[in-house]
Amino acid sequence: MTAPRRLLLVNGPNLNLLGTREPGIYGSQTLQDVEALVSATAAVLGFEVRAVQSNHEGVLLDAIHAARDDCSGIVINPGGLTHTSVVLRDALSGVALPVAEVHISDVSQREPFRHHSYVKDVAVVHVVGEGVAGYATATTRLIEVITGQADG
Ligand code: CA2
């Protein structure tokens with residue numbers, strides 16, 4: 001079967017607040033801007049995007065599991081779950097799709113509790129500290145991996 005030309009974009013807890021608070025860390029663009037950026041970036045490369053954001057871990061897990069059926073990769077900013085969730089990591093490794101992990105801020109330069117990512121070694125693309133533009137970088141690099149133009 002031909003691989004679907006569709007990505008799942010996952011934004012974790014609190015990312016619905018983008019553009020409303022903490023602009024010094026996360027910028028002034030909204031979640032809607034992020035989703036539009038990823039869709040436009042993917043569209044140029046012939047991919048469509050299904051976007052999910054939730055403050056509930058189980059909703060994110062269900063969306064990741066469903067991606068097995070009709071997506072060929074996952075772009076994810078897990079938010080704070082990055083640093084806490086074995087469950088999220090297991091879901092990502094369980095669906096066995098290529099994953100791009102993106103963080104708006106440079107987590108390595110922030111508090112020590114943000115330095116560890118449970119997702120890191122199940123992702124093939126990592127983008128940190130590029131602001132919202134990092135989602136476009138992650139999307140392009142993930143599609144290159146999917147279509148065989150790069151190896152991560
Ligand atoms: O830098 C990132 O993208 C993070 O994944 C964002 C998470 C944080 O826990 C990670 O350590 C790094 C936080 C998302 C919350 O986003 C907000 C946005 C605006 C206002 C308040 C929170």
Side-chain angles (χ1 to χ4, degrees), residues 6-45 47-68 71-146 150 152:
R6 185 180 301 106
L7 303 178
L8 177 68
L9 169 64
V10 179
N11 279 291
N14 299 310
L15 285 158
N16 55 310
L17 298 176
L18 277 177
T20 67
R21 290 183 49 240
E22 305 196 47
I25 300 175
Y26 299 117
S28 55
Q29 291 181 280
T30 65
L31 177 64
Q32 195 181 0
D33 294 331
V34 167
E35 292 178 350
L37 174 65
V38 171
S39 290
T41 304
V44 169
L45 299 167
F47 276 68
E48 61 181 65
V49 173
R50 181 164 68 239
V52 60
Q53 186 280 327
S54 181
N55 297 321
H56 303 276
E57 194 169 29
V59 172
L60 302 176
L61 301 190
D62 288 345
I64 289 165
H65 292 175
R68 265 184 315 185
C71 294
S72 54
I74 299 173
V75 177
I76 185 166
N77 182 345
L81 293 175
T82 307
H83 319 297
T84 64
S85 184
V86 174
V87 173
L88 180 67
R89 173 208 173 93
D90 287 346
L92 291 168
S93 87
V95 297
L97 293 171
V99 173
E101 177 184 8
V102 53
H103 296 286
I104 297 167
S105 63
D106 184 351
V107 282
S108 71
Q109 300 300 312
R110 297 183 64 192
E111 305 96 319
F113 64 81
R114 296 187 200 276
H115 295 182
H116 178 259
S117 168
Y118 281 100
V119 171
K120 185 168 185 180
D121 62 8
V122 298
V124 292
V125 170
H126 306 92
V127 179
V128 300
E130 292 188 14
V132 161
Y135 283 87
T137 307
T139 300
T140 299
R141 288 176 52 196
L142 182 63
I143 291 174
E144 287 171 354
V145 170
I146 291 166

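Each residue takes its place number in the sequence, starting with 1. Atoms considered below: every heavy atom in the structure, side chains included; atoms not considered: hydrogens, waters and symmetry mates. Predicted model only: the values in this text are computed from it and were never measured. Counting starts at 1 for both ligands and their atoms, in listed order.
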Distance alone, cut at 3.5 Å: any donor-acceptor contact between the side chains of S72 and R6? no

Given R141, which of V125, V124, V75 fulfils the side-chain contact (heavy atoms from CB on, under 4.5 Å) condition? V125

Rounding to 0.5 Å, atoms OG1 (T139) and CZ (F47) come to a distance of 11.0 Å

In the protein, which heavy atom is nearest to atom 1 (O) of ligand 1, and how far is it? S105 OG, 2.5 Å

Separation between CD1 (I143) and CG (L45), nearest 0.5 Å, reads 4.5 Å

Do D90 and Y118 pair up side chain to side chain, a donor and an acceptor below 3.5 Å, judged on atom types alone? no

Classify the angle between the aromatic ring planes of H103 and H83 as parallel (below 30°), tilted (30 to 60°) or perpendicular (above 60°). parallel

N/O to N/O below 3.5 Å, does that happen between I104 and ligand 1? yes

Does T82 reach ligand 1, in the sense of a heavy atom lying below 4.0 Å from it? no

What atoms in ligand 1 come closer than 4.0 Å to a heavy atom of E22? 21 (C)

Applying the side-chain contact (heavy atoms from CB on, under 4.5 Å) criterion to V132, which one of V102, L37, N77, V38 satisfies it? L37

Under 3.5 Å: N/O of H103 near N/O of ligand 1: yes

Of the protein's non-hydrogen atoms, which lies at the shortest distance from atom 14 (C) of ligand 1, and what is that distance? L15 CD2, 3.7 Å

What residue and heavy atom of the protein are closest to atom 11 (O) of ligand 1, and at what distance? H83 NE2, 2.7 Å

Give the residue and atom name of whichever protein heavy atom lies nearest to atom 9 (O) of ligand 1, and the separation in Å to one decimal. R114 NH1, 2.9 Å

Are more than 12 heavy atoms from other residues, nucleotides or ligands located less than 6.0 Å from atom CZ of R68? no

re atom 12 (C) of ligand 1, the protein heavy-atom contact at minimum distance is V107 CG1, 3.6 Å

Do S39 and E48 have a side chain donor and acceptor closer than 3.5 Å? no

Tell me, which protein residue and heavy-atom name are nearest atom 18 (C) of ligand 1, and how many Å apart are they? Y26 CD1, 3.5 Å

Atom 16 (O) of ligand 1: closest protein heavy atom, distance to 0.1 Å, is N14 O, 3.6 Å

Taking distance alone, with no angle check, do R21 and ligand 1 share an N/O pair under 3.5 Å? no

Judging by distance only, is a nitrogen or oxygen of R110 under 3.5 angstrom from one on ligand 1? no

